[in-house]
Amino acid sequence: MGLKVYNTISGKKEDFTPVTEGQVKLYVCGVTVYDHCHIGHARSAIVFDTIYRYLRSKGYDVTYVRNFTDIDDKIIRRSHAENIAWQEIGQTYIRSFYEDMDALGILRPNHEPRATEHIGDMITLVDTLLKKGHAYNVGGDVYFSVDSFRNYGQLSKRPLEEMMSGARVDIDEKKKNPLDFALWKASKEGEPSWDAPFGAGRPGWHIECSAMSTLFLGNPFDIHGGGKDLVFPHHENEKAQTEAATGGKFVNYWVHNGFVNIDREKMSKSIGNTLLIRDFLKEYHPEVLRLFYLSNHYRSPVDYNSQSIEDSNIALYRLYYTRERAAEAQKGKMFASQSYEMADEMVRKFNEAMDDDFNTALAISYIFDLSKDINRMVDEKDESAVPLIVAAETAYEYLADTLGLLQDTLESLESQGKSRHLARMGLDVAFVENAINDRIEARKAKDFQKADQIRTMLAEKGIMLLDTPKGTQWRIKTSVS
RNA sequence: GGCGGCAUAGCCAAGUGGUAAGGCGACGGUCUGCAAAACCGUUAUUCUCCGGUUCAAAUCCGGAUGCCGCCUCCA
């Protein structure tokens with residue numbers, strides 16, 4: 001069975017056929033570097049990272065391009081407000097972006113062009129549009145004429161006439177049509193500018209993605225992605241200007257991820273409820289966010305709330321513990337490799353789910369099925385089942401890897417969680433260990449009342465004790481009350 | 001005003017014609033000095049409501065209600 005991808009432009013799932021067999025050209029709109037990234041950026045990054053991982057696991061040779069918008073109104077505004085060079089604003093937030101993305105386990109794309117590195121390509125494109133009569137110059141500002149492009153509105157399914165009647169479009173005297181958008185903005189005092197045959201200035205927002213995607217991937221290319229909000233106007237405009245310039249098709253498959261709400265409310269700066277990635281990471285392991293997002297379909301809106309995140313946190317621990325148990329069951333055992341039908345079945349179903357427009361939520365359910373199966377075999381303590389555990393665990397790792405999960409060690413996951421928790425409670429490891437030692441003594445003396453008092457005391461501080469064959473271990477209580 | 005989406009158990013959530021995945025929680029059991037973890041079992045005869053099509057509908061069609069997004073910078 002082949003891959004099916006939901007295409008925004010047709011509103012349907014379509015069979016995926018790349019332009020060149022065996023290769024996928026993928027372009028995803030990156031960020032404007034004027035602030036730290038929030039968990040909405042994280043969703044987009046995680047969704048396309050997962051798509052990228054899956055395409056590679058299917059054997060495609062993927063060329064993945066993700067841009068940085070490092071010249072733009074918001075950057076200039078911030079530069080003026082903080083009295084810092086605009087270039088420096090960009091550098092700062094590109095660094096911040098990488099810190100966040102690396103923490104989240106987002107793989108680096110093949111190319112990460114910055115808009116300012118390709119001004120020349122943009123100028124060429126604007127020039128072409130002027131020469132072809134799709135753009136006009138008003139005192140150094142160059143606008144794209146939407147009336148000159150027959151298919152304008154095709155992607156966002158907004159006929160021109162209807163948008164015209166929309167009351168929310170700014171009336172700009174300079175534009176022939178209120179929907180015309182800037183390809184090039186004339187040079188202004190205190191703003192960066194580049195020389196161009198049609199007048200010095202700086203590029204409009206949409207032109208960079210047209211220039212850079214075409215440069216790195218050619219036309220048409222396979223998949224263009226981004227957040228749902230980019231459908232209009234950004235992608236509509238990219239498409240219009242590129243197709244007007246080349247006369248050919250720009251993109252075959254448009255893929256857009258849904259938005260993140262916080263406690264059922266739209267996350268936005270004006271409401272003041274944006275959550276930065278770095279603030280999230282102070283509380284939880286990065287894979288908690290990944291598991292949470294991938295448990296929802298990428299096109300649906302997702303509601304971020306403490307209950308759901310806590311659920312994902314617990315579930316993530318479960319997956320790590322299973323891997324640990326599988327490893328222990330194999331330790332020091334000799335075994336011949338053996339195929340295991342159940343594991344093969346899970347891999348097959350996993351790929352089938354991912355082939356169906358990247359249904360990660362369904363795909364994840366097979367990881368949990370494998371987890372249950374592995375735990376069951378480990379519990380049975382049947383030596384002859386060890387090869388099956390190995391086979392199941394191999395499948396387990398493959399599924400998790402493809403989704404970018406279980407990339408850390410249990411030790412690291414636990415120690416991060418423990419130190420966060422202890423710091424919050426104002427406790428330290430020595431306190432816990434002393435209490436555990438006291439309890440061990442009490443248990444030796446069969447003073448179970450005292451032992452239970454210690455257990456209760458620690459439980460009240462969110463610390464859970466486990467008496468295992470290897471001795472008493474402790475964990476942070478993950479369950480919510 | 002225009003365009004689009006969603007409504008599935010206590011909570012989260014997948015499922016677009018063939019008889020309801022998975023996670024979290026709860027309850028019973030195994031295990032344990034007691035617990036925890038893990039496993040086993042139970043937890044939606046039913047998918048917002050009302051009609052229709054069909055041998056068959058959570059899934060298709062029509063209508064109602066409720067929630068949400070976009071049309072403006074935005075992942």
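Lettering follows sequence order; numbering is per chain, from 1.
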Pairwise [atom1] distance for [N] and [M], with rounding to whole Å:
| N | M | atom1 | answer |
| --- | --- | --- | --- |
| B:C24 | B:U19 | C1' | 27 Å |
| B:C68 | B:C61 | C1' | 24 Å |
| B:G62 | B:C27 | C1' | 43 Å |
| B:C3 | B:G22 | C1' | 34 Å |
| B:C50 | B:U45 | P | 16 Å |
| B:A35 | B:U30 | C1' | 15 Å |
| B:G25 | B:A20 | P | 26 Å |
| B:A13 | B:A7 | P | 10 Å |

Table please: side-chain donor-acceptor pairs of residues 449-458 of chain A below 3.5 Å, with sequence neighbours left out.
from: A:Arg455; atom 1: NH1; to: A:Leu465; atom 2: O; distance (Å): 3.2
from: A:Arg455; atom 1: NH2; to: A:Asp467; atom 2: OD2; distance (Å): 3.4
from: A:Thr456; atom 1: OG1; to: A:Asp452; atom 2: O; distance (Å): 2.8

Stacking check A:Phe259 vs B:G69 (5.5 Å / 30 deg) = no

Centroid under 5.5 Å and tilt under 30°, A:Phe448 to B:G33 = yes

[X] [atom1] to [N] [atom2], straight-line distance once rounded to whole Å:
| X | N | atom1 | atom2 | result |
| --- | --- | --- | --- | --- |
| A:Asp369 | B:G23 | CG | P | 7 Å |
| A:Asn305 | B:C11 | CG | C1' | 9 Å |
| A:Leu465 | B:C34 | CG | P | 16 Å |
| A:Ile364 | B:G15 | CD1 | P | 12 Å |
| A:Leu399 | B:A21 | CG | P | 20 Å |
| A:Trp254 | B:A75 | CH2 | P | 16 Å |
| A:Arg325 | B:C31 | CZ | C1' | 11 Å |
| A:Leu362 | B:C12 | CG | C1' | 15 Å |

Would the base of [N] count as contacting [X] through its side chain, where contact means a donor and an acceptor less than 3.5 Å apart?
| X | N | answer |
| --- | --- | --- |
| A:Arg455 | B:C34 | yes |
| A:Asp467 | B:C34 | yes |
| A:Asp229 | B:G69 | no |

side-chain hydrogen bond (donor to acceptor under 3.5 Å, both in side chains) partners of A:Asn261, counting only residues at least two apart | none

Provide the Watson-Crick or G-U wobble partner of [N], both distances under 3.5 Å; none if there is no partner.
| N | answer |
| --- | --- |
| B:A26 | B:U42 |
| B:A58 | none |
| B:C67 | B:G5 |
| B:G17 | none |
| B:U32 | none |

Candidates [options] - which lies nearest the side chain of [X]:
| X | options | answer |
| --- | --- | --- |
| A:Gln307 | B:C11, B:G33, B:C40 | B:C11 |
| A:His297 | B:C39, B:C34, B:A14 | B:A14 |
| A:Leu466 | B:G22, B:A37, B:C11 | B:A37 |
| A:Met464 | B:C71, B:A75, B:A36 | B:A36 |
| A:Trp205 | B:G25, B:A14, B:C73 | B:C73 |

CD1 on A:Ile374 to OG on A:Ser371, rounded to 0.5 Å = 6.5 Å

Distance col, row A:Thr322:OG1 vs A:Glu393:CD, nearest 0.5 angstrom, shows 10.0 Å

According to a strict under-4.0 Å criterion, is [X] in side-chain N/O contact with OP1 or OP2 of [N]?
| X | N | value |
| --- | --- | --- |
| A:Asn359 | B:A14 | no |
| A:Trp474 | B:A36 | no |
| A:Lys266 | B:C70 | yes |
| A:Asn375 | B:A37 | no |
| A:Arg318 | B:A38 | yes |
| A:Lys228 | B:G5 | no |

Ring pair (Phe, Tyr, Trp, His ring centres under 6.0 Å) with A:His224: of A:His256, A:His234, A:His235, only one passes, and it is A:His235

Does A:Arg278 CZ have over 12 foreign heavy atoms under 6.0 Å away?
-> yes

Which of residues 439-446 of chain A have a heavy atom under 4.0 Å from RNA chain B?
-> A:Arg439, A:Arg443

For the pair A:Tyr152 and A:Val146, evaluate side chain to side chain contact (heavy atoms under 4.5 Å, CB included) and give the outcome as yes or no after the intermediate values.
-> CA-CA 6 Å; A:Tyr152 193 77; A:Val146 296; 3.7 Å; yes

salt_bridge(A:Asp72, A:Arg202) N-O dist < 4.0 Å = no

Report yes or no: is the cationic atom of A:Lys74 (NZ for Lys, CZ for Arg) under 6.0 Å from the centre of the six-membered ring of A:Tyr34, at an angle within 45° of the ring normal?
-> yes

What does A:Val47 touch in the nucleic acid at a heavy-atom separation under 4.0 angstrom: a base, only the sugar-phosphate, or nothing?
-> nothing

Candidates A:Asp15, A:Asp355, A:Asp357 - the one meeting salt bridge (Lys or Arg N to Asp or Glu O under 4.0 Å) with A:Lys4 = A:Asp15

